[in-house]
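Data first, discussion second: the structure below is written as C-alpha cells.
Whatever order the structure lists them in is the order used to number ligands and atoms, beginning at 1.
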Amino acid sequence: MSQVHVIDHPLIQHKLTLMRQKETGAKDFRELLSEIAMLMCYEVTRELPLEEIEIETPICKCKSKVIAGKKLGVVPILRAGLGMVDGFISLVPACKVGHIGLYRDPETHKPVEYYCKLPSDTGERELIVVDPMLATGGSSAAAIHFLKDRGCKHIKLVCLVGAPEGIAVVQKEHPDVDIYIAAIDEKLNDHAYIVPGLGDAGDRLFGTK
Ligand code: PRP
Ligand code: URA
C-alpha cells in the first residue's frame with residue numbers, strides 16, 4: 001500500500017486557508033498555489049540521493065554534496081496542475097515538464113483525455129504528477145495509468161486538497177505511488193466537489209468561472 005504524506009507545515013496551512021476563501025481573486029490564488037507548490041516540492045524531494053564532489057572554496061579544496069544525477073520530471077494535469085509547475089521548476093530547474101490534458105465529464109465525473117505530451121525519456125525519469133484537487137481520484141488515477149503505459153516506474157502524486165474517496169481510489173489502483181497532500185478534507189458533495197474544498201481550482205486559477 002502506498003503512503004499518504006500530509007504536508008501540513010504552518011506556512012502551507014495559512015496559505016491554503018487564504019486560497020479556500022471565496023473572496024480570494026485569481027491573482028492571489030495563483031500566487032498562493034505557486035508558493036505552496038514550492039514548499040511541497042521541498043518536502044517531496046527530501047529523499048533525493050546525493051553524491052560527493054571535489055570543489056575549491058576561496059579558502060581550500062574540499063568535498064561537498066550535490067544531487068546525484070537523478071532525472072526528474074513534473075507532470076501537471078491540465079488545467080489546474082499548471083499552477084503548481086513554477087513552484088517545482090524554480091527549485092529544480094533541470095526537471096523536464098510533461099503535460100496531460102484531462103477534464104471531468106460534468107455528467108459522469110469520469111476523466112476525458114484531450115492532450116498528452118511527455119519528455120522523450122519519460123520511462124527513465126522519476127515523475128511527480130501535480131494537480132491541486134484529488135476529488136473522486138479519477139483524473140489522477142488515469143494520468144498515472146498513462147504514464148505507466150509509457151514505461152514510467154517511479155511516480156509520486158502531489159495534490160493540495162483531497163477527499164478520502166479520491167485518496168482510496170489512487171491507493172487501490174496505484175499501490176506503488178506515494179501521495180503528498182496538504183489537506184485531507186471531509187467528503188465529496190453530490191456534484192463530486194470536495195467539501196469544504198476550495199471550489200473549482202481551474203476556474204479560480206484562470207478566471208473562467
Ligand atoms: C479538476 C482538478 C482535477 C480534477 C479532480 O479538473 O483540477 O484534475 O478536477 O477531480 P477528480 O479527482 O474527480 O478526477 P477539471 O476536470 O475541473 O478540469 P480543469 O482543471 O480543466 O478545470
Ligand atoms: N475539481 C475541482 O477543481 N474541485 C473540486 O472540488 C473537485 C474537482
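Side-chain atoms of His9 come within 3.5 Å of backbone N or O of Leu11 as a donor-acceptor pair. Not a single donor-acceptor pair under 3.5 Å links the side chain of Arg125 to the backbone N or O of Cys95. In this structure, Arg104 contributes its side chain and Gly138 its backbone to no donor-acceptor pair below 3.5 Å. Checked by atom type and distance alone, the side chain of Arg20 pairs as donor or acceptor with a backbone atom of Gly197 at under 3.5 Å. With Ser34 contributing its side chain and Glu31 its backbone, the two residues share no donor-acceptor pair below 3.5 Å.
Protein heavy atoms are absent from the space less than 4.0 angstrom from atom 6 (O) of ligand 1. Contact annotation for atom 2 (C) of ligand 1: protein present (non-hydrogen atoms, distance under 4.0 Å).
Within the 4.5 Å cutoff, the side chain of Ile184 has heavy atoms near those of the Val6 side chain. Residues Thr136 and Glu165 fail the side-chain proximity criterion, which asks for heavy atoms closer than 4.5 Å. With contacts defined as side-chain heavy-atom distances shorter than 4.5 Å, the pair Met84/Val74 does not qualify. For the pair Leu48/Leu72, a side-chain contact is recorded, criterion being any heavy-atom separation below 4.5 Å from C-beta on.
With respect to the salt-bridge test (charged N to carboxylate O, under 4.0 angstrom), the residues Arg79 and Asp203 qualify.
Atoms of ligand 1 found under 4.0 Å from any heavy atom of Met133 (numbered from 1 in listed order, with element): 2 (C), 3 (C), 5 (C). Per-residue contacts place Gly199 under 4.0 angstrom from the following atoms of ligand 2 (heavy atoms of the residue considered): 2 (C), 3 (O), 4 (N), 5 (C), 6 (O). Those atoms of ligand 2 with a heavy atom of Ala201 less than 4.0 angstrom away are 2 (C), 3 (O). Residue contact check: Ala80 has heavy atoms under 4.0 Å from atoms 7 (O), 20 (O) of ligand 1. Distances below 4.0 Å separate heavy atoms of Met133 from the following atoms of ligand 2: 2 (C), 3 (O), 4 (N), 5 (C), 6 (O). Atom numbering of ligand 1 starts at 1 in the shown order; those under 4.0 Å from a heavy atom of Tyr103 are 16 (O). For ligand 2, the atoms sitting less than 4.0 Å from at least one non-hydrogen atom of Ala192 are 7 (C), numbered in the order shown with element in parentheses. Those atoms of ligand 2 that come under 4.0 Å of a heavy atom in Ile194, given as number and element, are 5 (C), 6 (O). Which parts of ligand 2 touch Ala135 is read off a 4.0 Å heavy-atom cut-off, strictly below it: atoms 7 (C), 8 (C).
Considering backbone and side-chain N/O of Ala201, none are found under 3.5 Å from N/O of ligand 1. For ligand 1, one of its N or O atoms has an N or O atom of Arg104 under 3.5 Å away. Residue Ala135 has at least one N or O atom closer than 3.5 Å to an N or O atom of ligand 1. Looking at ligand 1, you won't find any N or O of Tyr114 less than 3.5 Å from one of its N or O atoms.
Using a 30° and 60° split on the angle between ring planes, Tyr180 and His5 fall in the parallel class, below 30°.
No option in Lys156, Lys71, His154 other than Lys156 meets the side chain to side chain donor-acceptor pair (under 3.5 Å) test with Glu126.
Atom NZ of Lys148 sits in a crowded spot, with more than 12 heavy atoms from other residues, nucleotides or ligands closer than 6.0 Å. In this structure, Glu23 places its CD atom where more than 12 heavy-atom neighbours from other residues, nucleotides or ligands lie under 6.0 Å away.
Among all protein heavy atoms, the one lying closest to atom 20 (O) of ligand 1 is Arg79 N, 3.1 Å. Of all protein heavy atoms, the one closest to atom 17 (O) of ligand 1 is Asp200 OD2, 3.9 Å. Looking only at heavy atoms of the protein, atom 13 (O) of ligand 1 is closest to Thr136 OG1, 2.5 Å. In this structure, atom 5 (C) of ligand 2 lies nearest to the protein heavy atom Tyr193 CD2, 3.3 Å.
Ligand 1 lies less than 4.0 angstrom from a heavy atom belonging to Gly137. Within the 4.0 Å heavy-atom shell around ligand 2 one finds Arg104. Residue contact annotation: Pro132 has no non-hydrogen atom under 4.0 Å from ligand 2.
When the options Gly162, Ala141, Ser139 are ranked by their closest heavy atom to atom 14 (O) of ligand 1, first place goes to Ser139.
Only the side chain of Asp131 comes within contact range of ligand 1, with a heavy atom under 4.0 Å; no backbone atom does.
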